[in-house]
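Comments concern the structure below.
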Amino acid sequence: VLSGVDTTTSMPVISTGCEGEMVQHTCAPGLLAVGIEGTASLSIEELWLKCRLLEGDGSLGGDTVTQAVGQNLGGNPFGPNECPNGEMMVGSDTNADPLLYGLRPNCMDHEKILEGQSGYTTQGAYAGTNLGIDIGQPCPAGYVVTGLQAPDTAELCGLQWICTKLEKE
């Protein structure tokens, strides 16, 4: 079960000169991220999370998406780039600076998350390009991605994951 109370954030990726009010979009209560969708050209233009319901047995139920950050400036759609095998998103490998160029979801199964393992065991498909600097954006051990926040800009120039603790029922 998601604690709903114990929430933190991943390391931010905010490029120099990136300005805009931070906006947050989260999965609905009880849902967690399993992947990403959006539009991209040279950089990620628009991004939202694919969210699924966490069932009591650790399986994942019905799905929905968050609101998007950024704006579609004519890029091509991508996704859903989901975690394989019913795994949950625990962060990403991100390419950025000065724009958000690419993302690859980092994933782990619920048992390993509950055990407090850090890092990730598998990855979803890569979206965007590999320009910029490669930066890891993990949630802390025991946490899953439940939302995102980014500067409200036409071209995404920053990103931070909202992470929520996963606890045994």
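Throughout, numbering of the chain's residues begins at 1 and tracks the sequence.
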Any donor and acceptor pair, going by atom type alone, linking the side chain of [X] with main-chain N or O of [Y] inside 3.5 Å?
X: Q160; Y: S10; result: yes
X: S15; Y: P98; result: yes
X: S92; Y: Q137; result: no
X: R104; Y: A125; result: no

Rounded to the nearest 0.5 Å, what's the gap from [atom1] on [X] to [atom2] on [Y]? Could you check?
X: E87; Y: H110; atom1: CD; atom2: NE2; answer: 11.0 Å
X: T26; Y: I162; atom1: OG1; atom2: CD1; answer: 6.0 Å
X: C139; Y: M88; atom1: SG; atom2: CE; answer: 12.5 Å
X: K50; Y: E82; atom1: NZ; atom2: CD; answer: 4.0 Å
X: T64; Y: R52; atom1: OG1; atom2: CZ; answer: 11.5 Å

Practice item. Evaluate side-chain contact (heavy atoms from CB on, under 4.5 Å) for L42 paired with Y101, printing each intermediate quantity in order. Key: CA-CA 7 Å; L42 179 63; Y101 290 110; 4.3 Å; yes
If every non-hydrogen atom of [X] is compared with every non-hydrogen atom of [Y], which pair is closest and at what distance?
X: Q123; Y: D93; answer: NE2-OD2, 2.9 Å
X: G128; Y: A40; answer: CA-CB, 4.3 Å
X: P80; Y: E37; answer: CA-CG, 3.4 Å
X: E19; Y: T153; answer: O-CG2, 2.7 Å
X: G86; Y: L60; answer: O-CD1, 3.4 Å
X: T129; Y: N95; answer: O-CB, 4.0 Å

**Study point:** Residue pair S43 / E155, side-chain donor-acceptor N/O under 3.5 Å
**Key:**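 There is no such pair between these side chains.
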Hydrophobic cluster of [X], others only, ordered by chain and residue number, side-chain cut-off 4.5 Å:
X: L47; answer: V23, I36, I44, L49, V69, F78, M89, L100, L103, V145, L148, L156, L159, W161
X: V65; answer: W48
X: L31; answer: L53

With [X], which residues qualify under side chain to side chain donor-acceptor pair (under 3.5 Å), at least two apart?
X: D57; result: S59
X: S41; result: E45
X: S118; result: none

Practice item. Look at the side-chain heavy atoms of Ile, Leu, Val, Met, Phe, Trp and Tyr, link any pair under 4.5 Å apart, and say whether L114 and V90 land in one connected group. Key: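 Same hydrophobic cluster.
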Review point. Cluster question for you: counting only ILVMFWY and a side-chain heavy-atom cut-off of under 4.5 Å, with indirect links fine, are Y120 and I113 together?
Key: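 Yes; I113 is reachable from Y120 via cluster members.
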Heavy-atom check, side chain of [X] versus side chain of [Y], under 4.5 Å:
X: T164; Y: L32; value: no
X: L166; Y: L54; value: yes
X: I14; Y: P151; value: yes

Exercise for review: Mark yes when over 12 heavy atoms from residues, nucleotides or ligands other than Q67 sit less than 6.0 Å from its CD; otherwise mark no.
Suggested key: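 Incorrect, the count does not exceed 12.
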